[in-house]
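The chains referred to below are lettered A, B, ... by the order of the sequence lines, with proteins before strands, and numbering in each begins at 1.
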2 protein chains.
Amino acid sequence: MQEDLIERLIEQFRTLPGVGYKTAQRYAFSIIEGKEERAKKFADAILEAKAKIGFCKVCGNFTDKDICNICKTRDRKIICVVAEPKDILSMEKVKSYNGVYHVLFGTISPLEHRGPNDIKIKELLSRVQNDNVEEVIMATNPDVEGDATAMYIAKILKPLGIKVTRLAQGVSMGSDLEYADEITLSKAMEDRKQL
Amino acid sequence: MQEDLIERLIEQFRTLPGVGYKTAQRYAFSIIEGKEERAKKFADAILEAKAKIGFCKVCGNFTDKDICNICKTRDRKIICVVAEPKDILSMEKVKSYNGVYHVLFGTISPLEHRGPNDIKIKELLSRVQNDNVEEVIMATNPDVEGDATAMYIAKILKPLGIKVTRLAQGVSMGSDLEYADEITLSKAMEDRKQL
């Protein structure tokens, strides 16, 4: 008995990650009950973001220009390598980092038949050689594929005299040992630091 | 360092109820990473819903026509009275209900200076008289204002020989007594039924 246009709007909200029917309904009502101006702004933002945002030609970050703000303004001698564009946003929480990024658009995954040539390793190599890069920080996810990809890239870059580092793995700050899984704990033990 | 268009889209998603920055970001990325087609459909659904959905002339339900589907097809002799259009959707979960609705667009609230003339009670009265209504079910929220509004309307309608009922109040089905608050428990005790 729901009216079709409301149902259509609810269906659209349901396509967002992690949104079920009830949440989508709440979102839809907030649009319907809101001002016309707000609905227009919302729709415009969606269309414009989708139409204009592409990938940075240099690093693969999301941008609405040819080259992203980070590539334009920051220190190109340090490259932080991530698997997906959205990982850059997570890494940007590290306010002290002033280097640039490189998006691989995936990780090496034999299970999913993705080899080194299916992700942007060649592009990384040519940046490293052209920009006099001093350090490459591997910030792929701390899982099997992320680790394998980091190892592979380190193997290629080390002979070129590039310092390759990996994000430290261990127990999370502010968390409770009780809740740490055993792999994380083992890793934290293995990489323990002298005080 | 975030690009402006992404930030704008995130801000829009943040205007949805209960959405914080991280959730909005996740939604925004899903739009940016999704197909152009999907972004267009999404924006269209928002614009069209806002432009075409108004209130049913008879009951106040959301509809994209003059008169909503419920008013057109169901038994007008029973009216279920709710405070807001979206409450109709909640009530529609009661599959066995085949009557129509009436939206008050608010409740009587002395604290917020809303009296009987500020909500659609007059309109309810004229429907009751014109449609030979047999029963009015008060489904305003089970709180002070909802109760007061229900009492007020009952007082007006009873002299006209209309049966006025109120949704039963008590402990929720499937819940645990341990978690029921004391007002709900008192109400459940007071309205206990003989088995």
Side-chain angles (χ1 to χ4, degrees), chain A residues 1-13 15-19 22-54 56 61-65 68-70 73-74 84-86 88-90 92 95, chain B residues 1-13 15-19 22-54 56 61-65 68-70 72-74 84-86 88-90 92:
Chain A
M1 271 303 173
Q2 185 90 293
E3 311 288 320
D4 298 343
L5 281 177
I6 302 182
E7 206 55 70
R8 243 184 63 197
L9 185 55
I10 292 174
E11 273 317 304
Q12 287 303 319
F13 276 116
T15 65
L16 296 173
V19 174
K22 285 210 75 152
T23 304
Q25 204 180 61
R26 209 147 49 99
Y27 293 168
F29 282 142
S30 111
I31 295 286
I32 294 168
E33 288 170 343
K35 295 213 176 101
E36 181 124 19
E37 179 64 19
R38 183 256 194 132
K40 226 183 101 44
K41 263 193 186 164
F42 205 134
D44 278 354
I46 290 175
L47 290 176
E48 222 181 324
K50 186 61 211 165
K52 295 193 183 159
I53 291 172
C56 169
N61 187 13
F62 289 129
T63 179
D64 51 5
K65 310 173 197 77
C68 76
N69 288 337
I70 294 178
T73 58
R74 302 236 299 237
E84 302 295 341
K86 61 185 167 198
I88 292 181
L89 220 80
S90 303
E92 280 294 281
K95 301 282 181 216
Chain B
M1 270 308 175
Q2 184 90 292
E3 309 289 319
D4 298 344
L5 282 176
I6 302 182
E7 206 55 67
R8 243 183 64 197
L9 185 56
I10 292 174
E11 274 316 305
Q12 287 304 318
F13 276 117
T15 65
L16 295 173
V19 174
K22 284 209 77 150
T23 305
Q25 202 179 64
R26 207 147 49 100
Y27 292 167
F29 283 141
S30 111
I31 294 286
I32 294 167
E33 288 171 344
K35 294 210 177 108
E36 182 125 18
E37 179 66 18
R38 182 256 194 135
K40 226 182 100 46
K41 264 194 188 163
F42 206 133
D44 278 354
I46 289 174
L47 290 176
E48 222 182 324
K50 187 60 209 163
K52 294 194 186 160
I53 291 172
C56 170
N61 188 11
F62 289 129
T63 179
D64 51 6
K65 309 174 196 79
C68 77
N69 288 336
I70 293 179
K72 270 185 203 151
T73 58
R74 302 236 297 239
E84 301 293 342
K86 61 184 167 199
I88 292 181
L89 220 82
S90 303
E92 280 294 280

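For the atom pair OG1 (A:Thr15) and OH (B:Tyr27), the distance works out to 10.5 Å, reported to the nearest 0.5 Å. One finds the CG atom of B:Asp4 at 6.5 Å from the CG atom of A:Asp64 (value rounded to the nearest 0.5 Å). Note that the CG atom of B:Leu16 and the CG atom of A:Leu16 stand 8.5 Å from one another [nearest 0.5 Å]. Atom CD1 of B:Ile6 and atom CG of A:Asn61 lie 7.0 Å apart (nearest 0.5 Å). Atom CD1 of A:Ile46 is separated from atom CG of B:Asp44 by 10.0 Å, given to the nearest 0.5 angstrom.
Note: B:Arg38 leads B:Glu84, B:Arg38, B:Lys40, B:Lys52 in heavy-atom pairs under 4.5 Å with chain A. For chain A, the option among B:Gly54, B:Ala43, B:Ala49, B:Ala28 with the highest count of heavy-atom pairs below 4.5 Å is B:Ala43. Contact tally against chain A (heavy-atom pairs below 4.5 Å) for B:Ala51, B:Gly34, B:Gly18: the top residue is B:Gly34.
A pairwise comparison of heavy atoms in B:Glu33 and A:Lys50 identifies C-NZ, 4.3 Å as the closest pair. Residue B:Gln12 comes nearest to A:Ala45 through the heavy atom pair CG-CB, 3.6 Å, listed as atom of the first residue, atom of the second, then distance. Closest approach of A:Ala39 and B:Leu47 over heavy atoms only: O-CD2, 4.0 Å.
The side-chain heavy atoms of B:Phe62 and A:Leu5, taken from C-beta on, include no pair separated by under 4.5 Å.
Classified by interplanar angle (parallel below 30°, tilted 30° to 60°, perpendicular above 60°), the ring pair B:Phe13/A:Phe42 is perpendicular.
When heavy atoms are compared at a cutoff of 4.5 Å, B:Lys22 approaches chain A solely by way of its side chain, counted from C-beta outward.
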